[in-house]
Amino acid sequence: MKVVIIGGVAGGATAAARMRRDCEDAEIVLIERGDYISYANCGLPYYLGGVISDRDDLFVQTPASFGKRFNVDVRVQQEVTAIDKDAKSLTIRTHDGKEYTESYDKLLLSPGAAPVRPPLPGIDNEGIFTLRNVHDTDAIKSYMQTHDVQQAVIVGGGFIGLEMAENLVHSGVEVSVVEMANQVMGPIDYSMAAIVHQELVNNGVKLYLEQAVESFEKVDAGLQVNFKSGIKTQAQLVILSIGVRAETKLAVDAGIELGEMRGIKVDKYLKTSANDIYAVGDAIEYPHPITGKPWLNFLAGPANRQARIVADNIIFGDKVVYEGSIGTAVAKVFGLTVASTGLPSKRLDLMGIDHIGSYTHSAAHASYYPGGGMLDIKITFDKKTGQLYGAQVVGPEGVDKRIDEFAMVIKHKGTIYDLMELEHAYAPPFSSAKDPVAIAGYVASNLIEGRFEGIGWRELRDIDKDSIALIDVRTQEEHSVGHIPGDVNIPLDSLRDRLSEIPRDKKVVLYCGVGPRGYVASCILKGHGFNNVVNLCGGLRTYSIANAKVPMPSSSSSVTKASNCSSGCSTASAPVASGEVDLSNVEKVIDARGLQCPGPILKLKKGIEELQDGQVVQITAGEVSFTRDAESWCKSTGNTFIKAENKDGAWQVFIRKGGTTALAEAQGSMSACAATALAPKNDGKTFIMFSDDLDKALATFVLANGAAATGKKVTIFFTFWGLNAIKKIDKPAVEKDFFGKMFGMMLPSSTHGLKLSKMHMMGAGTKMMRYIMNKKGIESLESLRQQAIDNGVEFIACEMSMDVMGVKKEELLDNVTLGGVATYMERADHANVNLFI
């Protein structure tokens with residue numbers, strides 16, 4: 001029997017080797033249009049980044065060594081241009097343009113997929129590449145060696161694109177990632193991708209979400225990338241990572257049937273519609289094991305699995321059935337590992353499949369063992385049967401082990417109860433007695449069995465806060481570090497003594513750091529007759545990360561620090577102070593990696609209590625969010641946040657006990673000037689703008705600009721009628737309830753509708769005031785407001801007032817942040833002037 005294989009990477013080479021092990025007598029011909037076979041294309045980004053230093057390490061076999069070992073006729077630099085399925089022959093063109101024909105008894109198609117290269121203006125300019133094979137890699141490597149590449153743009157936020165981003169950053173290149181969707185890594189849900197957004201930004205990647213590239217231009221600096229939104233950025237290197245498309249032209253020309261997803265349609269034996277022709281790899285379309293609907297799967301693991309099956313079916317007859325792939329994938333993104341398997345919530349929603357999504361946050365290994373970190377896990381499952389549909393895991397270590405366990409349960413159509421029954425190997429360096437996979441099963445079973453009712457982060461974000469009682473059951477220390485505005489802090493251990501403070505006529509929404517204490521609190525309340533109680537799924541951690549707004553990159557800075565939750569979580573932003581800390585003055589070193597909230601903060605508090613004033617503690621945590629918590633804790637306790645830095649995927653925070661007056665003495669390497677700069681100064685200015693009178697608004701912005709001109713920190717807190725002073729003139733249409741619409745009709749639509757507090761005279765006085773101001777060269781209200789923005793004045797809108805008056809965030813100026821009374825009071829604590837206007 002003569003078998004011809006078209007395509008020598010992954011599936012093709014694996015099938016050839018398997019066939020030879022099955023049968024020594026078969027004649028096997030392997031045809032590859034490229035120069036190489038059986039190479040590690042998943043390792044290409046790491047070779048470009050220098051992690052893999054030797055190019056030869058990318059090749060599993062050379063054509064010569066593979067051919068000799070397996071007695072396969074390997075023909076590289078030859079391309080099959082036509083298939084005659086009736087005559088069972090192929091037309092083949094060699095690298096020098098000659099053509100010949102080759103017969104076959106059985107034919108295997110493994111053509112793979114080609115990268116998408118859209119016909120954008122300027123896309124053929126020098127310096128724009130795709131990354132799919134060794135040829136692409138060599139071209140990029142050569143270009144980087146012969147050009148001064150300081151900036152790179154990666155178009156597309158998929159797995160390969162982000163791996164490439166990391167490797168370029170490690171090479172000293174400033175990297176921008178442009179993604180049309182609202183998130184990177186399409187196979188995972190937004191709430192999980194938000195963790196990746198944070199990691200990218202904190203490692204200096206400029207992240208442009210919901211942006212589309214319109215064209216490329218050649219400029220003096222190299223290339224200019226133009227977005228449809230009008231944004232422009234420059235680079236010397238562009239890598240297109242938009243996606244891939246199944247290579248099906250050869251099959252189509254031969255009359256082989258394609259499926260509805262435009263991949264080569266195969267049956268359960270991986271046979272095509274043509275007699276004696278099989279297909280494997282990226283080019284085929286096969287039903288998804290969960291949905292039964294056809295889909296394309298561009299992964300190396302399934303391609304190799306298919307190759308073994310098809311080899312046996314070709315040699316022994318059609319006996320082995322392919323079970324299908326659920327799409328299990330993993331990638332390294334700086335200090336995180338990101339993995340997914342099965343179906344995320346967004347795909348289940350799209351397909352109308354009823355399900356539950358559950359979040360858990362568990363330590364990668366025993367919290368008392370040094371190192372580790374948090375594993376963020378989301379699973380999706382059937383509401384009634386508990387059948388597991390999908391899983392996503394993000395964390396610093398142990399992610400690959402867990403995702404493989406989830407994948408095995410999903411492939412065997414198992415349930416969340418199977419997760420509970422898995423027997424895990426346990427030792428402190430590797431896991432906990434309750435493994436994160438088992439914990440995911442326990443939480444899911446509690447949801448299905450009605451032990452508690454969950455509320456998702458989106459639902460809580462969008463709910464009418466007046467209709468619920470929002471209770472934070474964490475400690476007072478944790479609450480002071482960060483919380484959801486509008487909540488009431490009743491620590492779990494005080495809950496039974498404070499039941500009278502919780503209304504029984506409202507839905508009670510409980511939350512804690514990651515979920516378990518909220519669950520315990522819900523059990524207590526139900527045991528005392530509270531019937532309408534829900535727990536925030538994933539706790540404050542999921543809520544704050546999912547609601548965090550990705551900052552628009554600054555063209556002048558190569559590192560943009562992540563902002564925190566912009567739609568309902570009151571915490572400070574993550575600081576990364578400059579300057580080196582003299583490690584000889586570090587009196588205490590704390591490893592808080594792997595601890596769940598509030599573990600790191602409690603360890604910090606205990607460590608500080610053991611120090612003398614002026615001494616420094618170094619605490620290491622697994623996540624950047626701890627740097628924000630630590631800074632907020634320092635502000636509320638009078639200690640000094642010195643700096644935070646990322647080291648080997650963990651965050652080291654340095655804190656000095658007490659104020660900064662003795663910092664220069666305690667730290668010889670830092671000047672007294674630098675110490676003073678780090679010291680908190682109570683010389684800021686805060687304004688509460690309660691009025692929307694034109695004259696009072698003018699006074700507010702005049703005073704704010706004057707204060708800002710002295711270099712002081714200035715904050716204006718806009719509440720109730722004062723919100724009208726920060727409305728956009730051209731506002732987008734937003735959806736409102738009945739009362740919101742009524743307020744909208746009664747309130748000024750923008751500053752153009754503000755009136756004088758006296759002598760308005762049905763509008764005549766107000767118009768006269770604006771006329772006189774213009775005639776005398778006095779800046780208008782709108783101009784003064786913009787000057788305040790340009791001068792760095794902080795605008796905070798009272799979120800409670802917005803809820804009451806039906807004002808939406810989209811109606812306010814883009815630079816406005818939301819906050820509550822705690823936000824204002826923190827600013828007021830550091831001010832020596834507080835004005836109510």
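Nothing fancy with the numbering, it's 1 onward along the sequence.
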With a 4.0 Å cut-off on N to O distance, would you call [X] and [Y] a salt bridge?
X      : Y      : result
Lys727 : Glu810 : no
Lys465 : Glu799 : no
Lys808 : Glu811 : no

What is the distance from atom [atom1] of [X] to atom [atom2] of [Y], rounded to the nearest 0.5 Å?
X      : Y      : atom1 : atom2 : value
Ile642 : Ile655 : CD1   : CD1   : 8.0 Å
Ser229 : Gln211 : OG    : CD    : 3.5 Å
Lys605 : Ile619 : NZ    : CD1   : 13.0 Å
Leu525 : Leu510 : CG    : CG    : 5.5 Å
Phe718 : Phe690 : CZ    : CZ    : 14.5 Å
Asp189 : Asp349 : CG    : CG    : 8.0 Å

Can you tell me if [X] and [Y] form a side-chain donor-acceptor pair at under 3.5 Å?
X      : Y      : value
Asp376 : His361 : yes
Ser783 : Gln786 : no
Thr719 : Ser801 : yes
Lys685 : Asn834 : no
Asn226 : Ser215 : yes
Tyr208 : Ser176 : no

[X] to [Y] - nearest heavy-atom pair and separation:
X      : Y      : result
Val714 : Ala707 : CG2-CB, 3.6 Å
Ser191 : Ile545 : O-CG2, 4.2 Å
Thr766 : Leu754 : CG2-O, 3.5 Å
Met689 : Ala725 : CE-CB, 3.8 Å
Glu501 : Pro503 : O-CD, 3.7 Å
His197 : Leu209 : CE1-CD1, 3.6 Å

Within a strict 4.5 Å, meaning less than it, do heavy atoms of the [X] and [Y] side chains meet?
X      : Y      : value
Val178 : Val153 : yes
Ile837 : Ile688 : no
Val473 : Asp493 : no
Val175 : Lys206 : no
Ile716 : Ile726 : no
Lys507 : Val533 : no
Thr751 : Arg785 : yes
Glu794 : Lys713 : yes

Are Asn535 and Ser522 close enough, and set up right, to give a side-chain hydrogen bond (donor to acceptor under 3.5 Å, both in side chains), and what steps lead you there? CA-CA 7 Å; Asn535 185 27; Ser522 71; 5.7 Å; no
Take atom [atom1] of [X] as the centre, draw a 6.0 Å sphere, and report whether it contains more than 12 heavy atoms from other residues, nucleotides or ligands.
X      : atom1 : answer
Lys228 : NZ    : no
Lys346 : NZ    : yes
Asp464 : CG    : yes
Glu782 : CD    : yes
Lys755 : NZ    : no
Arg496 : CZ    : no
Met769 : CE    : no

Start with the C-alpha gap between Gln234 and Val225, add the side-chain angles, then the distance that decides, and say whether side chain to side chain contact (heavy atoms under 4.5 Å, CB included) holds. CA-CA 6 Å; Gln234 292 188 349; Val225 185; over 6 Å; no
For [X] and [Y], indicate whether the former's side chain and the latter's backbone hold a donor-acceptor pair under 3.5 Å.
X      : Y      : value
Glu210 : Met180 : no
Asp466 : Val804 : no
Asn639 : Gly658 : yes
Asp695 : Ser757 : yes
Asn724 : Trp721 : yes
Gln198 : Ile195 : no
Asp472 : Val488 : no
Ser494 : Ile490 : no

Can you list the steps and then say if Ser345 with Lys378 is a side-chain hydrogen bond (donor to acceptor under 3.5 Å, both in side chains)? CA-CA 9 Å; Ser345 285; Lys378 180 180 182 181; 3.1 Å; yes
Give the intermediate values and the outcome of side chain to side chain contact (heavy atoms under 4.5 Å, CB included) for residues Val833 and Thr686. CA-CA 6 Å; Val833 172; Thr686 64; over 6 Å; no
Report the C-alpha separation of Lys728 and Asp814 in whole Å, then their side-chain angles, then the decisive distance to 0.1 Å, and conclude whether the salt bridge (Lys or Arg N to Asp or Glu O under 4.0 Å) test is met. CA-CA 9 Å; Lys728 293 176 179 175; Asp814 292 335; 2.9 Å; yes
Would you call the rings of Phe795 and Phe701 parallel, tilted or perpendicular, where under 30° means parallel and over 60° means perpendicular? tilted
Ring center gap for Tyr543 and Tyr511 short of 6.0 angstrom: no
Run the numbers on Thr233 and Gln224 for side chain to side chain contact (heavy atoms under 4.5 Å, CB included), then give the verdict. CA-CA 6 Å; Thr233 188; Gln224 180 170 286; over 6 Å; no
Could you go through the side chain to side chain contact (heavy atoms under 4.5 Å, CB included) check for Ile484 and Leu536 one step at a time? CA-CA 12 Å; Ile484 302 174; Leu536 177 59; 4.2 Å; yes
Both conditions, 6.0 Å and 45 degrees, for the charged tip of Arg827 above the ring of Phe717: are they met here? no
Report the C-alpha separation of Ser691 and Asp693 in whole Å, then their side-chain angles, then the decisive distance to 0.1 Å, and conclude whether the side-chain hydrogen bond (donor to acceptor under 3.5 Å, both in side chains) test is met. CA-CA 6 Å; Ser691 170; Asp693 292 330; 3.3 Å; yes
